[in-house]
Amino acid sequence: MPFRSSAKRRGQAKTAVLVVTLLVTTAIAIWLWTRTGSQPAFEAGRSVGEEFLRALQHGHPDQAWESTTAEFKSAQGKEAFMRDVNSVKFLQQPLDFVSVQSVTVAEQPRTEYLFRGKTGETVRILLGQEDGEWKVDRCLR
């Protein structure tokens with residue numbers, strides 16, 4: 001009789017190990033499937049930059065401000081942002097997309113989108129991810 005009960009326990013242990021292995025494998029697969037990339041897809045990032053610039057162009061700097069990361073907001077307060085944006089006249093004109101490239105900021109990869117005005121002024125927009133959403137992390141002239 002002791003032989004049979006120990007064989008039964010070994011069978012239960014194998015089942016428990018298989019169940020745990022299956023659960024861990026499933027959790028890893030779900031995590032890999034649902035995580036977002038470290039950089040935005042080209043069109044998605046370009047769209048974020050264009051919406052930010054369009055809000056500025058149409059006189060809605062408050063909407064542009066809302067599309068920025070917390071890091072952007074802490075680096076430049078809202079009042080300073082509004083003042084700076086209103087003083088840069090070419091931001092109120094249509095800007096055309098020129099190029100995209102990967103850059104490193106503080107040892108973190110970022111995607112930089114370059115836009116140019118009709119008179120040659122350029123704006124570089126760097127994106128960062130916040131709460132699973134791509135937002136403007138920096139706007140450099």
Note: P40 and W134 closest approach over all heavy atoms is N-CZ2, 3.3 Å
Sorted by chain and residue number, the ring pair (Phe, Tyr, Trp, His ring centres under 6.0 Å) partners of F81 (sequence neighbours excluded) come out as W65, F72
When rounded to the nearest 0.5 Å, the distance separating OG1 of T111 from CD of Q129 is 10.5 Å
Hits for side-chain hydrogen bond (donor to acceptor under 3.5 Å, both in side chains) against Q93, two or more places apart or cross-chain, chain-then-number order -> none
When rounded to the nearest 0.5 Å, the distance separating CZ of F115 from CD1 of I125 is 5.0 Å
Sorted by chain and number, sequence neighbours left out, salt bridge (charged side-chain N to carboxylate O under 4.0 Å, His left out) with E71 holds for R138
Which pairs of donor and acceptor atoms, one on a side chain in residues 94-107, lie under 3.5 Å apart (sequence neighbours left out)?
from, atom 1, to, atom 2, distance (Å)
D96, OD2, K118, NZ, 2.9
Q101, NE2, E112, OE1, 2.6

Quick check on the hydrophobic clustering: are F42 and L114 connected, directly or via other members, by side-chain heavy-atom contacts under 4.5 Å? no
Smallest heavy-atom separation, D137 atom then G128 atom, equals CB-N, 3.7 Å
Across all chains, not counting sequence neighbours, the side-chain hydrogen bond (donor to acceptor under 3.5 Å, both in side chains) partners of Q92 are none
The single option from L140, V136, T69 that satisfies side-chain contact (heavy atoms from CB on, under 4.5 Å) with L126 is L140
Check: Are E79 and R83 ion-paired here, with the side-chain N under 4.0 Å from a carboxylate O?
Finding: no
Between the OG atom in S67 and the CG atom in L53, the distance rounded to the nearest 0.5 Å is 9.0 Å
Check against side-chain contact (heavy atoms from CB on, under 4.5 Å), V88 and R141: CA-CA 10 Å; V88 181; R141 297 175 291 224; 2.6 Å; yes
Scanning both residues in full, the closest heavy-atom pair of A70 with E130 reads N-OE2, 2.7 Å
Practice item. Using the side chain to side chain donor-acceptor pair (under 3.5 Å) rule, take T68 and E66 through it: C-alpha gap first, then chi angles, then the decisive distance, then the call. Key: CA-CA 6 Å; T68 63; E66 292 304 319; over 6 Å; no
Between L127 and R110, the two heavy atoms sitting closest are O-CD, 2.9 Å
| Does the pair E51 and S47 meet the rule for a side chain to side chain donor-acceptor pair (under 3.5 Å), with working shown? | CA-CA 6 Å; E51 288 176 29; S47 175; 3.1 Å; yes
Nearest heavy-atom approach of Y113 to G45 is OH-CA, 3.3 Å
Residue set satisfying side-chain hydrogen bond (donor to acceptor under 3.5 Å, both in side chains) with Q76, at least two apart, ordered chain then number -> D84
- Heavy-atom side-chain proximity of L91 to Q57 below 4.5 angstrom: no
